[in-house]
Amino acid sequence: DTAVSQTPKYLVTQMGNDKSIKCEQNLGHDTMYWYKQDSKKFLKIMFSYNNKELIINETVPNRFSPKSPDKAHLNLHINSLELGDSAVYFCASSQDHSGGTGELFFGEGSRLTVL
Amino acid sequence: DAKTTQPTSMDCAEGRAANLPCNHSTISGNEYVYWYRQIHSQGPQYIIHGLKNNETNEMASLIITEDRKSSTLILPHATLRDTAVYYCIVRVIYNFNKFYFGSGTKLNVKP
């Protein structure tokens with residue numbers, strides 16, 4: 001079983017469209033994250049939810065809206081897609097948001113291409 | 001969070017030890033050193049972390065200098081599957097697991 005799974009793996013869409021990426025973890029973790037990896041390969045944190053509550057929002061445009069229906073799921077909805085949104089989006093989870101080992105478990109990524 | 005400096009790339013012969021250095025000269029007392037790697041566009045994978053003492057697990061060893069201003073990740077017997085980008089990250093304890101990834105070191109393991 002995949003610990004952190006994301007869908008879709010690939011997404012090609014036109015500018016101005018709205019799209020969503022879904023993430024699920026079966027590790028029983030309390031905390032989930034969205035990271036963005038751009039064309040230069042820099043990996044940047046976007047959001048984090050702990051037990052359905054938003055705890056990190058790293059100055060991301062409000063076109064990006066995360067939603068966590070329960071602690072095992074964290075979805076990312078993007079409105080009015082722009083060319084600069086093209087990137088690989090990684091979902092991750094950790095046991096909790098503060099102490100512990102701090103180990104993050106990442107999904108395989110969702111490659112978004114905006115044309 | 002303190003920043004880290006790593007070489008852009010390194011080569012290593014298959015079967016030999018790979019030693020990946022990392023400088024974190026501004027690290028503070030409550031910051032851990034973490035290592036992750038990313039194999040060709042897969043999700044990053046946790047390797048090891050430490051605070052002061054040297055650490056070893058089934059994947060690697062982490063050597064932290066006494067002044068904690070630098071560290072070295074050691075892969076004892078590198079294989080072709082270890083070819084990846086290795087990230088050295090410092091993280092403040094209890095900061096909501098904010099990991100700031102730099103550009104990392106591309107390790108090329110050659111036959």
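Both backbone and side-chain heavy atoms feed into the values below; hydrogens, waters and symmetry mates do not. Not measured: the values here are computed from a predicted model. Note on naming: letters A, B, ... go to the chains in the order of the sequence lines (proteins, then strands), and numbering restarts at 1 for each one.
A:Lys41 touches chain B through backbone and side chain together, each having a heavy atom under 4.5 Å away.
For the atom pair CD of A:Glu103 and CD1 of B:Ile47, the computed distance is 11.0 Å after rounding to the nearest 0.5 Å.
Annotation for A:Lys71: atom NZ counts as buried by contact number, over 12 foreign heavy atoms lying within 6.0 Å. The number of heavy-atom neighbours closer than 6.0 Å to CZ of B:Arg16, taken from other residues, nucleotides and ligands shown, is 12 or below.
Cluster membership for B:Leu62 and B:Met59, using ILVMFWY side-chain heavy atoms within less than 4.5 angstrom, is shared. Follow the hydrophobic side-chain contacts under 4.5 Å out from A:Tyr49 and you reach A:Val60 in the same cluster. A continuous path of Ile, Leu, Val, Met, Phe, Trp and Tyr side chains, each step under 4.5 Å between heavy atoms, connects B:Tyr32 with A:Tyr33, placing both in one hydrophobic cluster. Under a hydrophobic-cluster definition in which Ile, Leu, Val, Met, Phe, Trp and Tyr are linked whenever side-chain heavy atoms come within less than 4.5 Å, directly or via other members, A:Val4 and A:Leu76 are assigned to different clusters. Under the 4.5 Å side-chain heavy-atom criterion for ILVMFWY residues, a single connected hydrophobic cluster contains both B:Tyr86 and B:Ile27.
At a heavy-atom separation below 4.5 angstrom, chain A is approached by B:Phe101, B:Gly102, B:Ser103 within residues 101-111 of chain B. Heavy-atom proximity under 4.5 angstrom to chain B picks out A:Phe106, A:Gly107, A:Glu108, A:Arg111 from residues 105-115 of chain A.
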Margin query: As a quick check of understanding, evaluate side chain to side chain contact (heavy atoms under 4.5 Å, CB included) for B:Gln38 and A:Phe90, giving each step before the final call.
Written below: CA-CA 12 Å; B:Gln38 188 173 23; A:Phe90 287 99; 3.5 Å; yes

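By the side-chain hydrogen bond (donor to acceptor under 3.5 Å, both in side chains) test, B:Thr56 pairs with B:Ser61, sequence neighbours left out.
Judged purely by distance below 3.5 Å, without hydrogens or angles, the side chains of B:Tyr100 and A:Glu58 pair a donor atom with an acceptor atom.
Note on residues 54-80 of chain B: no pairs pass salt bridge (Lys or Arg N to Asp or Glu O under 4.0 Å), not counting sequence neighbours.
Across all non-hydrogen atoms, the minimal contact from B:Phe99 to A:Leu104 is CD1-CD1, 3.4 Å.
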